[in-house]
**Student:** 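Can you read through this structure? Questions will come right after.
So that the names make sense, note that chain A is the first sequence line, chain B the second, and so on, each numbered from 1.
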Protein chains: 2
Amino acid sequence: MHEIKLQHILTIVELLSKGARHNFVEVTTTELGKHIDRSQQAASKHLLDLENSGYIERMKKGQKFGVRVTDKGYSEIQSLFSSLRSALELAPALIEFEGRVVSGMGEGAYYMSLEGYRKQFKEKLGYEPYPGTLNIRLTNQIFMNARRELGKHPSIFLEGFSDGTRTYGWVKCFPAVINDGAVDNAAVLVLERTHYDDNMLEVIAPMSIKHEADIKNGDRVKVQVQLGQIP
Amino acid sequence: MHEIKLQHILTIVELLSKGARHNFVEVTTTELGKHIDRSQQAASKHLLDLENSGYIERMKKGQKFGVRVTDKGYSEIQSLFSSLRSALELAPALIEFEGRVVSGMGEGAYYMSLEGYRKQFKEKLGYEPYPGTLNIRLTNQIFMNARRELGKHPSIFLEGFSDGTRTYGWVKCFPAVINDGAVDNAAVLVLERTHYDDNMLEVIAPMSIKHEADIKNGDRVKVQVQLGQIP
DNA sequence: ATTACTAGCTTCCGAGTAC
DNA sequence: TGTACTCGGAAGCTAGTAA
């Protein structure tokens with residue numbers, strides 16, 4: 001895969017940023033060492049190794065050297081660059097949860113039916129949720145941790161409001177898919193004032209999820225939250 | 001600059017491409033070692049080190065581990081990515097030459113005045129060259145090497161032609177700047193059939209370069225060839 | 001000034017193996 | 001199966017120094 005030794009990466013990068021792609025640039029080993037945070041001797045060794053491997057070329061220029069990165073050296077860095085890019089970009093923006101359906105306490109359904117939320121659902125999600133949230137108890141510590149950090153990610157944000165008597169907190173919605181597509185327009189809710197623990201996941205959809213996905217209380221269920229779809 | 005150890009880069013990249021940015025993914029040290037071309041023990045050590053440094057988080061998941069890259073780990077990779085990008089992109093596409101002006105042999109000027117070339121100059125460079133090329137003898141081995149490889153780069157290409165009697169070879173033109181801008185619309189020529197050595201540089205411009213830049217035979221002169229401006 | 005050799009130290013890795 | 005310990009060797013680094 002990567003022929004080049006990792007230790008040499010910073011050295012080539014430093015040379016490239018000095019313009020050594022097309023020109024022989026004057027670089028002293030002392031100066032180079034300082035930039036890559038190594039000793040002068042290490043820098044010298046790097047240049048020797050890189051030269052022997054055909055990644056750079058050097059020309060005596062008085063006492064110093066002129067150094068240039070070869071095509072071979074350049075393409076090695078490009079290759080590494082591509083690896084990094086795909087690792088960073090392809091990181092699927094998708095958080096998976098697994099758990100068991102538990103009977104809803106009716107509470108979520110009540111809040112979601114309030115006019116102050118319903119009109120925001122309609123406006124921002126494009127539908128009014130089926131009256132009744134799906135409650136999922138997460139089974140693994142891993143998922144509980146992920147649940148706890150869900151709120152950090154960009155979300156569809158419903159403002160809190162007041163009905164004169166009391167105030168209601170904000171709600172963050174995360175588009176989600178149930179059981180690999182059995183329901184594909186659900187949303188996981190994160191409430192400002194949650195009434196559950198971190199091991200509970202509350203999910204809504206335009207239709208009854210239990211009916212659509214044919215699941216009942218106690219069944220295992222998979223929820224995939226889609227990140228990166230919110231502008 | 002980069003806190004992360006270079007040896008750990010491939011490990012994190014591998015984890016990220018498995019989706020470990022947002023989820024705890026199951027990875028065995030054996031499998032991981034195989035991907036980063038190290039032993040199982042090395043992979044295990046990497047994970048331990050990365051965990052202790054706060055670049056990844058792990059959760060026991062049965063016998064295996066669930067591994068996730070933390071924000072800290074992610075931003076380290078992003079930082080390295082940025083370094084690579086600027087090294088690759090900012091690599092100034094500019095080749096510098098230095099040499100001394102020598103008296104032209106008149107030959108270049110003759111060829112450049114031929115109708116077959118002149119109309120191509122007008123069309124592709126936007127001007128007809130001043131009758132008389134500037135001839136520069138390169139002073140340093142470094143520049144001679146660069147001169148030799150100049151022809152490999154993308155250029156403004158003038159086709160060869162025949163006048164019935166004899167044929168004339170192609171000419172590659174490279175936009176160039178003389179003495180830091182004294183003349184900024186010159187062009188270095190690389191001829192198919194060069195009449196000079198690799199240590200000679202032939203330059204044209206719409207006006208007399210000697211007059212514009214106030215130089216005479218024997219003077220030192222700097223020529224900067226601009227690459228990457230040719231589509 | 002430079003570059004780069006040598007010696008010695010530290011880090012990293014792989015094999016064997018415990019759990 | 002897994003992970004990760006110890007240990008011996010290889011690789012990488014630094015300091016000193018030669019040229």
**Student:** Under the side chain to side chain donor-acceptor pair (under 3.5 Å) rule, collect the residues that match up with A:E31, sequence neighbours excluded.
**Tutor:**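 By the side chain to side chain donor-acceptor pair (under 3.5 Å) rule, A:E31 matches no residue at all.
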**Student:** What contact category does B:K5 fall into here, base, sugar-phosphate, or nothing, at under 4.0 angstrom with non-hydrogen atoms?
**Tutor:**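 B:K5: backbone/sugar contact only, no base atoms under 4.0 Å.
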**Student:** To the nearest angstrom, how far is B:F65 atom CZ from D:dG2 atom P?
**Tutor:**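 After rounding, the reported distance stands at 13 Å.
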**Student:** For B:L47, which contact category applies under a 4.0 Å heavy-atom criterion: base, sugar-phosphate, or nothing?
**Tutor:**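 B:L47: no heavy atom of the nucleic acid under 4.0 Å.
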**Student:** What integer distance in Å separates B:E26:CD from D:dT1:C1'?
**Tutor:**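 Whole-Å distance recorded here is 13 Å.
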**Student:** Check the distance between D:dG12's P and A:L10's CG and give it to me in whole angstrom.
**Tutor:**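 Roughly 14 Å, once rounded to whole Å.
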**Student:** List in chain and number order the residues that pass side chain to side chain donor-acceptor pair (under 3.5 Å) with A:R148, two or more places apart in sequence or in another chain; answer none if no residue qualifies.
**Tutor:**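 Checked A:R148 against side chain to side chain donor-acceptor pair (under 3.5 Å); matches are A:N145, A:D198.
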**Student:** Near DNA chain D, which residues from residues 29-45 of chain B have a heavy atom under 4.0 Å away?
**Tutor:**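 B:T29, B:Q40, B:Q41, B:S44 - these, ordered by number, are the residues of the stretch whose heavy atoms sit under 4.0 Å from the strand.
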**Student:** Got a sec, which residues hit side chain to side chain contact (heavy atoms under 4.5 Å, CB included) with B:R137, two or more places apart in sequence or on another chain?
**Tutor:**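 B:R137 satisfies side chain to side chain contact (heavy atoms under 4.5 Å, CB included) with B:V102, B:N199, B:M200 once adjacent residues are dropped.
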**Student:** When the nearest nucleotide of DNA chain C is assigned to B:H8 and to A:K64 on a heavy-atom basis, which residue is associated with the more 5' position?
**Tutor:**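 By nearest-heavy-atom nucleotide position, the 5'-most residue is A:K64.
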**Student:** I'd like the 5' and 3' limits of the part of DNA chain C contacted by chain B, with heavy-atom contacts below 4.0 Å.
**Tutor:**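 Contact span on the strand: C:dC12 to C:dG16.
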**Student:** Applying side chain to side chain contact (heavy atoms under 4.5 Å, CB included), can you list everything that pairs with B:L10, at least two apart in sequence or on another chain?
**Tutor:**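 With neighbours one apart ignored, the set is A:H2, A:L6, B:I36.
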**Student:** If the condition is salt bridge (Lys or Arg N to Asp or Glu O under 4.0 Å), which residues does B:E212 pass it with, not counting sequence neighbours?
**Tutor:**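 Partners of B:E212 by the salt bridge (Lys or Arg N to Asp or Glu O under 4.0 Å) criterion come out as none, since no residue qualifies.
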**Student:** Five pairs at each end of the helix from C:dT2-D:dA19 to C:dC19-D:dG2: take the axis at both ends and give me the angle between them to 10°.
**Tutor:**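 Inter-axis angle at the termini of the helix from C:dT2-D:dA19 to C:dC19-D:dG2: 30°.
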**Student:** For the pair made of NE2 in B:H46 and C1' in D:dA4, what is the distance, rounded to whole Å?
**Tutor:**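 These atoms are roughly 14 Å apart.
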**Student:** So, for B:S83 and B:S86, which heavy atoms are closest and what is the spacing to 0.1 Å?
**Tutor:**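 Minimum heavy-atom separation between B:S83 and B:S86: O-OG, 3.1 Å.
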**Student:** For B:K172, does the NZ atom have more than 12 heavy-atom neighbours from other residues, nucleotides or ligands under 6.0 Å away?
**Tutor:**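 Correct, the count exceeds 12.
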**Student:** Taking only residues two or more places apart in sequence, or in another chain, which ones meet A:K5 in a side chain to side chain donor-acceptor pair (under 3.5 Å)?
**Tutor:**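 Applying side chain to side chain donor-acceptor pair (under 3.5 Å) to A:K5 gives none.
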**Student:** So which protein nitrogen or oxygen atoms get under 3.5 Å of nucleotides 8-10 of chain D's nitrogens or oxygens?
**Tutor:**
none

**Student:** Among all residues two or more places apart in sequence or in another chain, which pass the side chain to side chain donor-acceptor pair (under 3.5 Å) test with A:R58?
**Tutor:**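 Listed in chain order: A:E51.
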**Student:** Using the six-membered ring of A:F97, assess whether NZ or CZ of A:R147 lies under 6.0 Å from its centre and within 45 degrees of the ring axis.
**Tutor:**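 Output no; distance or angle outside limits.
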**Student:** Using only heavy-atom distances, determine whether the side chains of B:T70 and B:E57 contain a donor-acceptor pair under 3.5 Å.
**Tutor:**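 No, no side-chain donor-acceptor pair sits under 3.5 Å.
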**Student:** Considering residues at least two apart in sequence or located in another chain, which fulfil the ring pair (Phe, Tyr, Trp, His ring centres under 6.0 Å) criterion with A:H211?
**Tutor:**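 Per chain and number, A:H211 pairs via ring pair (Phe, Tyr, Trp, His ring centres under 6.0 Å) with no residue.
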**Student:** Given atom NZ of B:K60 and atom C1' of D:dT1, what is their separation to the nearest angstrom?
**Tutor:**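 It is 14 Å, rounded to the nearest whole Å.
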**Student:** So, is the end of the B:K72 side chain (NZ or CZ) under 6.0 Å from the ring centre of B:Y55 and within 45° of the ring's axis?
**Tutor:**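 Here B:K72 passes the 6.0 Å and 45° test against B:Y55.
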